[in-house]
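Note that the numbering runs from 1 along the sequence shown for the chain.
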Amino acid sequence: MILFFRKIRQSLLSEGKTGKYLKYAVGEIILVVIGILIAVQINNWNNRNQLEDLEIKYLIEIKNSLQFDLKDIQFNIDFNESRLSSNEIVLQYLNKEIEYSDSLKFHFANMIFTTRTLPNQSAYENLKSRGLEIITSDSLRQNITSLYSFSFHNLIDFEKQDDNSFQYGIFIPEVTKAFKIEAIWESAEPIDGQNLFENHQLKNVITTNIFIRKFMIENYYALKENVELTIDLISQELDK
């Protein structure tokens, strides 16, 4: 192609057609510039397609991770609601608001332990390492970042530093001093049934545990709502 244009230019010069030569030269430059612009445009288009493919890939991965996390959150809700119910029933018994029955054996054993939030963050960490700006929607990007950096983080921090510390440092030791646990979450009996009703320390820790269980359940429901909202926003973005 270059040789073809060169022959035309040489032919115009040899024939003394300087004006036509200049016009042709200008036209050739314009064609070259147009060719360069087209190549740049194609390259930009390819880059945009690659970024869009990456965005879709990361959004699908995050959505799948969050759908798995919902199961973990629901387990935490169910677990804590069961502990809450048993603590409330045992406290009612200690306050002599209800009579003894064999069903209390289950609740004596079912008061202890708590849960941990274990989000699958690999997809989000991969996105961060590649660059959060891949997510073109500002609102979606902010929502995803807030969910992982704030909602998950704060709840996990409270679980570790407050709830677990209370459970293993205060609550469980007090409960196991008062009850002989035959099978965790299944059956336990009072060690000293006569003095059990005067065990004010036990009543205090159960009251505190009830408060913490309610607080945790409230936070798990809030996290569940945030996760469901993020999944919905990702689905809307993928539908586009």
Could you tell me if Asn209 and Arg213 have a donor-acceptor pair between their side chains, going purely by distance under 3.5 Å?
yes
Same cluster or not: are Leu66 and Leu229 linked, directly or through other Ile, Leu, Val, Met, Phe, Trp or Tyr residues, by side-chain heavy atoms under 4.5 angstrom apart?
yes
Following the transitive rule for hydrophobic clusters with a side-chain heavy-atom cut-off under 4.5 Å over Ile, Leu, Val, Met, Phe, Trp and Tyr, establish whether Met216 and Tyr221 coincide in one cluster.
yes
Is it the case that one hydrophobic cluster holds both Leu132 and Ile134, taking links as side-chain heavy atoms less than 4.5 Å apart, direct or via other members?
yes
For the backbone of Thr117 and the side chain of Glu159, can you confirm whether one donor and one acceptor N or O come within less than 3.5 Å of each other?
yes
Counting C-beta onward and ignoring hydrogens, is there a side-chain heavy-atom pair between Leu84 and Glu88 closer than 4.5 Å?
yes
Single hit among Ile210, Leu91, Val90 for side chain to side chain contact (heavy atoms under 4.5 Å, CB included) with Met111:
Val90
Verdict with supporting geometry, Tyr124 and Tyr58, side-chain contact (heavy atoms from CB on, under 4.5 Å)
CA-CA 8 Å; Tyr124 176 67; Tyr58 284 124; over 6 Å; no
Shortest non-hydrogen contact from Lys160 toward Ser165:
O-OG, 3.6 Å
Test log, rule side-chain contact (heavy atoms from CB on, under 4.5 Å), inputs Ile62 and Tyr148:
CA-CA 11 Å; Ile62 291 175; Tyr148 283 98; 3.8 Å; yes
Could you tell me the separation between the NZ atom of Lys71 and the CD atom of Gln67, rounded to the nearest 0.5 Å?
8.5 Å
Where the side chain of Gln167 meets the backbone of Phe113, is there a donor-acceptor pair that is under 3.5 Å apart?
yes
Heavy atoms, side chains only, cut-off 4.5 Å: are Asn76 and Leu223 in contact?
no
Before giving the answer on side-chain contact (heavy atoms from CB on, under 4.5 Å), spell out for Asn226 and Phe152 the whole-Å C-alpha distance, their side-chain angles and the decisive distance to 0.1 Å.
CA-CA 10 Å; Asn226 286 340; Phe152 274 121; over 6 Å; no
Show me, pair by pair, the donor-acceptor contacts under 3.5 angstrom made by side chains of residues 183-191, not counting sequence neighbours?
unit_1, atom_1, unit_2, atom_2, d
Trp185, NE1, Ile112, O, 3.4
Ser187, OG, Glu182, OE1, 2.9
Glu189, OE2, Lys105, NZ, 3.2

Give the intermediate values and the outcome of side-chain contact (heavy atoms from CB on, under 4.5 Å) for residues Leu140 and Leu59.
CA-CA 10 Å; Leu140 178 56; Leu59 288 178; 3.9 Å; yes
Just wondering, do Asn199 and Leu94 contact through their side chains at under 4.5 Å, heavy atoms?
no
Within the 4.5 Å heavy-atom criterion, are Thr114 and Phe166 side-chain neighbours or not?
no
Taking the side chain as C-beta and beyond, is there a heavy-atom pair between Val227 and Thr230 under 4.5 Å?
no
I would like to know whether Glu218 and Lys214 meet salt bridge (charged side-chain N to carboxylate O under 4.0 Å, His left out); could you show each step before the answer?
CA-CA 6 Å; Glu218 180 181 342; Lys214 289 180 178 179; over 6 Å; no
Closest non-hydrogen atom pair, Leu118 against Asp69:
O-OD1, 4.0 Å
Measuring from Thr115:OG1 to Asp163:CG, what's the distance to the nearest 0.5 Å?
7.0 Å
For Ser146, side chain to side chain contact (heavy atoms under 4.5 Å, CB included) partners two or more places apart
Phe150
Verify, without hydrogens or angle tests, whether Asn87 (side chain) and Arg83 (backbone) share a donor-acceptor contact under 3.5 angstrom.
yes
Do Phe171 and Ile206 come close enough that some side-chain heavy atom pair is under 4.5 Å?
yes
Do you see a donor-acceptor pair shorter than 3.5 Å between the side chains of Gln236 and Asp232?
yes
Hey, could you give me the CD/CG distance between Gln92 and Leu104, rounded to the nearest 0.5 Å?
9.5 Å
So does Asp78 get a backbone contact from the side chain of Ser82, meaning a donor-acceptor N/O pair under 3.5 Å?
no
Around Glu125, counting heavy atoms of other residues, nucleotides and ligands shown, do more than 12 lie under 6.0 Å from its CD?
yes
Parallel, tilted or perpendicular: rings of Phe211 and Phe215 (30°, 60°)
parallel
Please tell me whether Ile56 and Ile231 are part of a single hydrophobic cluster in this structure, the criterion being side-chain heavy atoms less than 4.5 Å apart.
yes
I need the Ile212 CD1 to Ile217 CD1 distance, nearest 0.5 Å.
12.0 Å
Distance in Å, Leu70 CG paired with Glu228 CD, rounded so as to fall on 0.5 Å steps
5.5 Å
Given side chains that start at C-beta, do those of Asn64 and Asn120 come closer than 4.5 Å, heavy atoms only?
no
Within-4.5 Å side-chain heavy-atom neighbours: Asp138 and Arg141
yes
For the backbone of Gln142 and the side chain of Thr145, can you confirm whether one donor and one acceptor N or O come within less than 3.5 Å of each other?
no
Quick check: are there more than 12 heavy atoms from other residues, nucleotides or ligands sitting under 6.0 Å from CD of Glu97?
yes
What's the spacing between Ser85 OG and Asn110 CG if we round to 0.5 Å?
8.0 Å
Using the test side-chain hydrogen bond (donor to acceptor under 3.5 Å, both in side chains), find all partners of Glu225 that sit at least two apart in sequence or belong to another chain.
none
Out of curiosity, does Ile135 fall in the hydrophobic cluster containing Leu54 (side-chain heavy atoms, cut-off under 4.5 Å, transitive links)?
yes
State whether the side chain of Glu174 and the backbone N or O of Val205 hold a donor-acceptor pair below 3.5 Å, judged by distance alone.
no
